[in-house]
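Every value quoted in this text rests on a predicted model; they were computed, and no experiment measured them. In what follows, chains are A, B, ... by sequence order, proteins preceding strands, each numbered from 1.
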Number of protein chains: 2
Amino acid sequence: MNKVDRLTVDRRGERFKSAAAAAGVRLTHQRLEIFREVASSVEHPDAEAVLRSVRKRMPTLAIDTVYRTLWMLNDLGLITTLGPRRDSVRFDANLDRHHHYVCVRCGLTRDFESAELGVLRVPDAVASLGRVVETNVEVRGVCRRCAATEDKTVKRKKAR
Amino acid sequence: MNKVDRLTVDRRGERFKSAAAAAGVRLTHQRLEIFREVASSVEHPDAEAVLRSVRKRMPTLAIDTVYRTLWMLNDLGLITTLGPRRDSVRFDANLDRHHHYVCVRCGLTRDFESAELGVLRVPDAVASLGRVVETNVEVRGVCRRCAATEDKTVKRKKAR
DNA sequence: CTGACTGCAAACCCTTTGCAGACCG
DNA sequence: CGGTCTGCAAAGGGTTTGCAGTCAG
């Protein structure tokens, strides 16, 4: 229950190898181990968690290599980051039921309301995870301003 | 379009005053200004943005006061933080369409799938914000493990 | 008046960067 | 073998904390 099934991991692994080849990226020992770790975890680990886990097999691994590798995998489109892009914590004084539009490029976030989305039924399986307080929709996209500068190289200056 | 309407701000302000009174918290000049700022903004500002804005009226305000106040408002239930609670960036190797269950207490995050939630129609207003890449549901709740220790004081050790 | 709150400065912690040696292809 | 990648160490940047003076009630 803590691990992704073998088949899925293998499929992801293959995808990594071909993507790496296509991108002309070297397949190092550490990269494979790091990828294997994220690909087989269901916990959405952060860099520190990946480090702890992989270090059991590879004790010399450094945290900065983990970061570099994870962002590389992200750039190759093999993994994503969770939730809106965040340089810092952001606050929300709107306590009414609402949803969010989030620009994956710059982090711009806006509320929107929708009667139609007011009645979201979540699968029963969710109940086994814990109590549900609220459910809302996150629409991810590219905002107008960012779309206007789309041609520019995608830059992640500091995506913490 | 950049500001919340007057009526809403006033309503929120009243809520703050009564909540503060109920919680036995002092209504200082800086707290009022900080609250007014988040309550009237539609941008989901981070601490730095709040500081910049309030400093125009109150130049001596310090960043740590902003943080203390924002977390206090959060504890009083008057504002929330955006997206999953984050101590660090978390990665996701599941590229299939899926949704998230997020524990607002500890940050635990799990995927779930749902055919029913596969067809979410967002209001037309969203289109004016930008292009839509993907939409998914975020279910916020309290996970089993946290629910088990519910009685303990809610502690936010380092909720960046 | 007095305890809660603020501002200041320094500590903290996650993340990134510069560099020299190591290793893939 | 050459250029890419790793590990190390140190810098960077957002957030928190200890402390002494200040202010709300």
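With rounding to whole Å, A:L82 atom CG is found 18 Å from C:dC14 atom P. Going from atom CG of B:D46 over to atom C1' of D:dG13 covers 12 Å, rounded to whole Å. Rounded to whole Å, the distance from CD1 on B:I63 to P on D:dG13 is 15 Å. At whole-Å resolution of the value, CG in A:L76 and P in D:dC5 are 11 Å apart. Distance CZ (B:R68) to P (D:dT22): 16 Å, rounded to an integer number of Å. Going from atom CZ of B:R55 over to atom P of C:dC8 covers 8 Å, rounded to whole Å. Residue B:L51 contributes atom CG, which lies 12 Å from atom C1' of C:dG7 at whole-angstrom precision.
Summary of the strand contacts: B:A47 and A:T65 both lie near DNA chain D, and taking for each the nucleotide with the nearest heavy atom, the more 5' one is attributed to A:T65.
Judged by distance alone, with hydrogens and angles left aside, the side-chain atoms of B:S41 form no donor-acceptor pair with the main-chain N or O of B:V38 at under 3.5 Å. Although no hydrogens or angles enter the test, the distance criterion places a donor-acceptor pair under 3.5 Å between the side chain of A:R90 and the main chain of B:H44. Put simply, the side chain of B:R31 never gets that close to the backbone of B:T69: no donor and acceptor are under 3.5 Å apart. A distance-only check finds a donor-acceptor pair linking the side chain of A:S40 to the backbone of A:R36 [under 3.5 Å].
Residue-level contact check: B:L61 touches the backbone only, with heavy atoms under 4.0 Å from sugar-phosphate atoms and none from bases. Within 4.0 Å of A:D64, counting heavy atoms only, lies at least one base atom of the nucleic acid.
Grouping the Ile, Leu, Val, Met, Phe, Trp and Tyr side chains by contacts below 4.5 angstrom, directly or via other members, places B:L117 with A:V132.
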message: side chain to side chain donor-acceptor pair (under 3.5 Å) for B:T65 and B:Q30? Distances and angles first, verdict last.
response: CA-CA 8 Å; B:T65 301; B:Q30 12 303 69; over 6 Å; no
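Within residues 14-34 of chain B, the residues having any heavy atom closer than 4.0 Å to DNA chain D are, in order of number, B:R26, B:L27.
Side-chain nitrogen and oxygen atoms of A:T60 include at least one within less than 4.0 Å of the OP1 or OP2 phosphate oxygen of D:dG7.
Checking B:D111 against B:H100 by side-chain atom types alone, a donor-acceptor pair falls below 3.5 Å.
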